[in-house]
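One structure below.
What you see below is based on every heavy atom in this structure, not just the backbone, and it leaves out hydrogens, waters and symmetry mates. Each chain gets a letter, A, B and so on, in the order the sequences are listed, and its residues count up from 1.
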Amino acid sequence: MSREPSVHQQGNQRRRQIDALADRIRRVERLRQRGERAPGWGSEDDGRLIKTGSVVLDSIFPEGGLRRGTLMEWLAGSGPGGGAVTLALLAARCLVKERGGLVVIDQRRVFNPVAAAALGIDPERTLVVRPREGAEWLWTVEQVLRNRAVGGVLVWADHLESVAFRRWQLAVETSGVVGMLARPCRAASEPSWASVRLLVRADGAGEWGKREYNSSHGPQEREGRGRRWAVRVLRGHHRCQTSGGHQAKERMRDLSAEVSLELNDETGRLHLLPRLVHTTPVDVSLAG
Amino acid sequence: MPVAEGLAILDDAIEVVRDDGREDRAALCVEVRRAWNFSPLVAIPIQTGPSGQRQDPRDDPESLFVNVTGCGHLFGGEHGLVSAMHTAWTERGYQVRIALAASPGVAWAVSHAAEWLSRPMAPLVVSPGRDIDWMKRLPVEALALPPTVVASLQELGLFDVGSVLELPSAELKRRFGEDTLSRIGRALGRRNESLEYLPPPDPIVASRRFEYPISRVEWLTEIQGELVEEVAERLRLDRRVTMQLAWLVKSEEAPGKSVEWKTRLVEPSCRASHLRDLVLLQMERRRWPRDVVAIEVSVEGMTVPVPVQRKLFDFHEEDIDKDIDRGMARLKERLSSRLGPAAVVRPVLKEATIPETAARLEAVVSAGEAVARSKTLTENESWNDRCWATRWGPANRPLWLESAPHRIEVVLMEPGGPPLRFLWKTRSHRVAHCWGPERIETGWWTARGIERDYYQVETIEGERFWLFRRRSHGDWFLHGVFE
């Protein structure tokens with residue numbers, strides 16, 4: 001048997017509700033004074049680190065994942081067929097789940113959603129935009145990068161002026177979108193506003209598979225179609241923390257580590273390959 | 001208890017309002033607007049008066065009759081239609097009972113069945129030919145007879161419609177009169193019944209006619225903005241939103257002909273600034289005709305918005321999802337307006353033999369389309385579980401696929417086999433590895449027949465290309481690049 005709360009108890013309850021509301025109003029006002037948004041998918045989400053879902057890919061990125069509000073350049077070190085965009089899309093799989101999904105700016109009108117789906121990109125959460133080259137393309141990319149509802153953007157940028165690049169960087173800093181730029185190898189010598197620059201080269205060296213062309217036997221048939229890449233981080237965004245736990249100013253530093261990856265074409269999983277530095281001759285006397 | 005007794009106990013704590021049905025009918029008239037989203041034929045009870053004095057229960061101002069003949073397919077079927085109607089009202093906090101049947105009498109009776117039988121208030125659909133089966137199970141109130149007749153039937157031990165129907169018609173007529181017999185026929189749908197439908201809402205149109213032709217773009221743009229303000233204001237006054245504006249421009253450049261286009265939205269809106277912004281973006285890729293003599297804009301796809309109260313402090317997941325959906329809708333609208341609907345698309349995969357037709361690109365902005373938020377990939381879903389192109393692994397189809405394959409020059413090849421060296425974009429490529437052939441061909445009965453042997457080749461630089469040889473001619477093409 002339950003009793004209705006007394007008038008006194010109702011009064012206490014109301015007072016507590018009013019106090020809680022007043023506290024929330026004060027918090028919102030404090031946030032506004034600091035120029036931040038109220039909790040939600042605003043300021044707290046904008047600089048968040050997103051794990052790609054692949055331990056291998058996360059190990060490549062300087063911060064161990066994709067940082068919201070940044071641009072990443074994927075430079076095709078081996079030419080258009082080198083597979084740099086494949087690797088970028090494998091990293092972008094996590095962005096499909098974020099916010100409103102992935103937007104692909106396909107001004108060349110060659111994007112194949114069937115192949116993207118085979119890499120794990122959900123077509124229902126992918127928007128393909130096909131502007132014309134030139135001013136229309138620049139406007140489109142900036143509009144998409146500015147929109148907070150977008151999870152990630154993939155854009156092919158063969159030629160990119162520094163002013164436009166800078167506008168894109170400011171756009172993602174404001175919106176928290178992750179921008180993936182697929183660029184040609186020659187862009188490595190151009191100035192960049194990207195936080196992370198990766199040079200992806202199809203790995204044609206090493207003992208895996210019969211890579212050497214044998215002119216007497218012609219092209220070699222090989223089991224499996226898995227691909228192998230050598231990835232070098234040309235620039236990485238690195239956050240430092242002092243011993244006091246306060247976050248210091250971000251600084252850019254160059255990284256020269258190169259890693260080898262292999263994509264298993266049956267499982268779709270990426271594997272990190274060990275790099276052989278040099279072989280050490282075995283001491284016969286020790287072998288006993 | 002009587003009103004006097006209640007007043008004696010509670011004194012000023014209660015307010016007594018006489019029920020004359022007018023306020024209820026006024027509220028119903030407002031809801032007619034919502035019902036017009038489903039059908040243009042909506043009727044409401046006409047007679048007014050206190051509920052206790054109405055002789056026909058169907059005159060109570062609590063029901064809407066919506067003739068949905070031919071409308072079901074717009075909602076994916078009759079069940080989809082009633083479900084959408086149920087959602088439209090329950091989202092606004094109403095408790096609503098919906099029944100769909102072949103006649104107004106049966107629909108009215110079945111919709112009230114939940115009240116009489118204490119059943120859940122889910123929408124009900126009476127299958128064709130099952131009207132009498134439904135009615136027989138209902139109490140006599142389902143016949144919409146005067147209260148005195150209902151009481152008399154119950155005194156005689158007739159509590160459900162089935163037992164009433166077992167009586168001879170002559171006997172019913174003798175005891176209760178011709179009117180009762182007529183009402184029973186109406187309730188069972190045996191008598192043709194015509195309802196008085198309310199006139200549909202007036203179309204919203206704004207236009208300007210010019211005494212002298214105008215060619216200056218600045219003036220035309222300003223006039224266009226005024227027209228948008230005008231229709232937005234009328235939408236606001238009618239408390240409606242729209243999905244599409246239809247433009248019609250007449251000019252002396254092409255007398256007798258008019259230029260027409262549409263401004264489409266992803267989410268309905270009535271905000272003048274938003275509509276004007278989209279129209280301006282759209283005009284960046286359009287050209288005004290010379291010597292314009294008239295401009296007209298009409299509103300299409302009007303609907304009544306479902307009011308959603310935004311929360312100031314609590315940012316729950318569903319609120320965030322709605323914000324994201326709204327943001328994406330605005331982005332799609334802006335991009336579609338500036339670039340054209342065909343430039344903002346969503347891929348739809350399908351089983352197709354011809355690789356260039358294996359995916360269809362659908363414009364996200366089209367009349368009547370509702371872009372739903374699809375379910376997201378879960379953390380534990382593996383890559384293989386979501387491999388849409390079930391036949392293809394990640395290495396079998398190129399990311400770069402030309403809509404029209406490029407003819408290439410094969411410098412060296414194995415007889416009947418893969419190419420050894422080919423030229424593409426002024427570069428010579430030497431093949432180190434190859435996979436294939438994968439034979440893709442259509443049946444002889446198809447209009448667009450293809451017979452292709454595809455090879456995936458990897459050059460000595462590590463680049464991969466998708467080439468094919470057309471079997472009928474033996475020439476080679478590059479169809480894709482494994483970027």
Considering non-hydrogen atoms only, spot the tightest contact between A:Q143 and B:L331 and give its length. O-CD1, 3.9 Å
Counting only non-hydrogen atoms closer than 4.5 Å, does A:L87 touch chain B with its backbone (N, CA, C, O), its side chain (CB onward), both, or neither? neither
Here the gap from A:R130 atom CZ to B:L335 atom CG, rounded to the nearest 0.5 Å, amounts to 14.5 Å
For B:R285, does the CZ atom sit with more than 12 other heavy atoms under 6.0 Å from it, leaving out its own atoms? yes
Option in B:A359, B:P398, B:G480 with maximal non-hydrogen atom pairs under 4.5 Å from chain A: B:P398
Only counting residues at least two apart or in another chain, list the ones meeting salt bridge (charged side-chain N to carboxylate O under 4.0 Å, His left out) with B:R427. B:E463
Decide yes or no for A:V114 and B:L401: does some side-chain heavy atom of the first lie under 4.5 Å from some side-chain heavy atom of the second? no
Heavy-atom proximity to chain B below 4.5 Å, by part of A:V200: neither
Separation between CZ of B:R346 and CZ of A:R125, rounded to the nearest 0.5 Å: 8.5 Å
Between A:E142 and B:R338 (salt bridge meaning N to carboxylate O under 4.0 Å), is one present in this structure? no
Chain B: which of A:A88, A:G101, A:G83, A:A76 shares the most heavy-atom pairs with it under 4.5 Å? A:G83
For chain B, which candidate among A:G79, A:G53, A:A84 shows the most heavy-atom pairs at distances under 4.5 Å? A:G79
Flag side-chain contact, heavy atom, 4.5 Å: A:W139 against B:R334: yes
Contacting moiety of A:R108, where chain B heavy atoms sit under 4.5 Å: side chain
Distance from B:K332 atom NZ to A:L127 atom CG, nearest 0.5 Å? 6.0 Å
Among A:V110, A:L89, A:V144, A:T140, who wins on heavy-atom pairs under 4.5 Å with chain B? A:V110
Okay, A:W137 and chain B: the region with an atom under 4.5 Å from a heavy atom over there is neither
Scored by heavy-atom pairs under 4.5 Å with chain A, the best of B:V457, B:L339, B:V348 is B:L339
Tell me, side chain or backbone of A:A116 under 4.5 Å from chain B's heavy atoms, or both, or neither? both
Smallest heavy-atom separation, A:G81 atom then B:V481 atom, equals CA-CG1, 3.5 Å
Heavy-atom nearest pair, A:G100 first then B:I324, reads N-CG2, 3.4 Å
Would you compute the distance between atom CG of A:N112 and atom CD of B:E402 and round it to the nearest 0.5 angstrom? 11.0 Å
Heavy-atom closest contact (A:R227 atom, B:G462 atom, distance): NH2-O, 4.1 Å
